Amino acid sequence: MSVHKASDVKKITTHQLQEMKNRGEKIAMLTAYDYSMARIIDGAGIDVILVGDSASNVMAGNETTLPITLDQMIYHASSVVKAVKRALVVVDIPFGYYQGSSGEALRSSIRIMKESGGHAVKMEGGSEIKDSVLRILSAGVPVMGHLGLTPQSIYKFGTYTVRAKEEVEANKLLEDALLLQECGCFAIVLEKIPATLAKKVSASLQIPVIGIGAGPDVDGQVLVMQDMLGITKDFKPRFLRRYADLNTVITGAIGNYVKDVKARDFPNQEEKY
Ligand code: KIV
């Protein structure tokens with residue numbers, strides 16, 4: 001018996017993302033880590049919500065994405081899933097929960113799917129994670145790849161600068177993207193690489209390519225929500241467009257609240273029982 005009603009919102013699936021690429025419609029993706037914000041951005045029409053391990057930075061205040069645990073990612077993802085009616089929810093497998101073996105990768109992705117209700121997982125890397133990608137996919141879990149600047153490898157790179165500027169790294173990135181597609185990934189994120197390379201990868205692949213700092217000629221864009229809403233203040237990479245200045249708005253609102261409390265202006269006669 002179907003539990004769906006005629007009024008149900010049509011959910012975004014990996015197949016729909018493929019159709020969007022096929023018809024040239026760009027895919028809009030943002031991160032979210034909690035129920036309240038996920039509810040707003042889902043209602044605003046986002047296609048894909050990424051429960052990114054950037055939660056380690058913007059939610060937990062860590063310098064890198066490395067410390068966040070699988071339990072913490074599941075906590076964030078389950079909060080997001082409860083809020084979402086339409087978007088596809090993709091969850092990062094955090095550092096240290098898939099690099100050891102394909103069995104570990106499979107167990108981590110099954111925990112994410114079972115315990116959070118997320119719809120897909122994302123993993124960083126190319127040929128080195130091939131066995132894990134295949135094992136996860138064989139269990140029926142959709143996988144999104146992530147190439148270019150892969151923050152889980154920051155201590156190998158040394159800096160957060162643009163990746164794949166040199167031919168050797170650019171060729172390896174294209175080979176990895178083709179390999180991830182061949183394995184069965186439904187989409188790939190390209191982070192902070194030259195726009196010309198991203199255009200080439202997107203044109204060479206059948207599956208959607210979502211960029212962050214990868215220029216306009218890809219199939220969609222992703223940003224960290226706190227950055228695009230201007231909640232984070234000091235992070236100012238060239239690729240970031242700020243759509244709001246919530247830091248100023250929130251600071252002003254809190255300042256007014258503090259002033260009103262101190263002045264005994266809040267609560268007033270109408271604001272009490
Ligand atoms: O964790 C994250 O937010 C990400 C995006 C930057 C793509 O991986």
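Counting convention: from 1, in listed order, for ligands and their atoms alike. All values reported here derive from a predicted model rather than from experimental measurement.
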Quiz item: Do Met29 and Ile12 share a hydrophobic cluster (ILVMFWY, side-chain heavy atoms under 4.5 Å, transitive)?
Solution: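 Yes, one cluster joins them.
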
Quiz item: Polar-atom distance check: Asp53 versus ligand 1, any N or O pair below 3.5 Å?
Solution: yes

Quiz item: Can you find an N/O atom of Thr31 closer than 3.5 Å to an N/O atom of ligand 1?
Solution: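 No, since none of the N or O atoms of Thr31 sits under 3.5 Å from an N or O of ligand 1.
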
Under 3.5 Å side-chain donor-acceptor pair for [X] and [Y]:
{"X": "Ser54", "Y": "Tyr33", "value": "yes"}
{"X": "Gln152", "Y": "Gln99", "value": "yes"}
{"X": "Tyr155", "Y": "Ser153", "value": "no"}
{"X": "Asp227", "Y": "Thr232", "value": "yes"}
{"X": "Glu104", "Y": "Ser101", "value": "no"}

Which protein heavy atom lies closest to [atom], and at what distance to 0.1 Å?
{"atom": "atom 8 (O) of ligand 1", "value": "Lys122 NZ, 2.9 Å"}
{"atom": "atom 2 (C) of ligand 1", "value": "Ser54 OG, 3.2 Å"}
{"atom": "atom 6 (C) of ligand 1", "value": "Ile212 CD1, 3.7 Å"}

Quiz item: Does even one non-hydrogen atom of Met29 get within less than 4.0 Å of ligand 1?
Solution: no

Exercise. Could you tell me whether Thr65 approaches ligand 1 through its side chain, its backbone, both or neither, with non-hydrogen atoms closer than 4.0 Å?
Key: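 It is neither part, as no heavy atom is under 4.0 Å.
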
Quiz prompt | Separation between CG of Leu70 and CG of Asp53, rounded to the nearest 0.5 Å | solution =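 Answer for the CG-CG pair, Leu70 versus Asp53, is 11.5 Å.
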
Quiz prompt | Under 4.0 Å to a heavy atom of Asp92 - the qualifying atoms of ligand 1, by number | solution =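 Near Asp92, the atoms of ligand 1 are 1 (O), 2 (C), 8 (O).
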
Practice problem: Measure from atom 5 (C) of ligand 1 to every heavy atom in Leu149, Leu223, Leu50 and give the option owning the shortest one. | Solution: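 Among Leu149, Leu223, Leu50, the closest heavy atom to atom 5 (C) of ligand 1 belongs to Leu50.
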
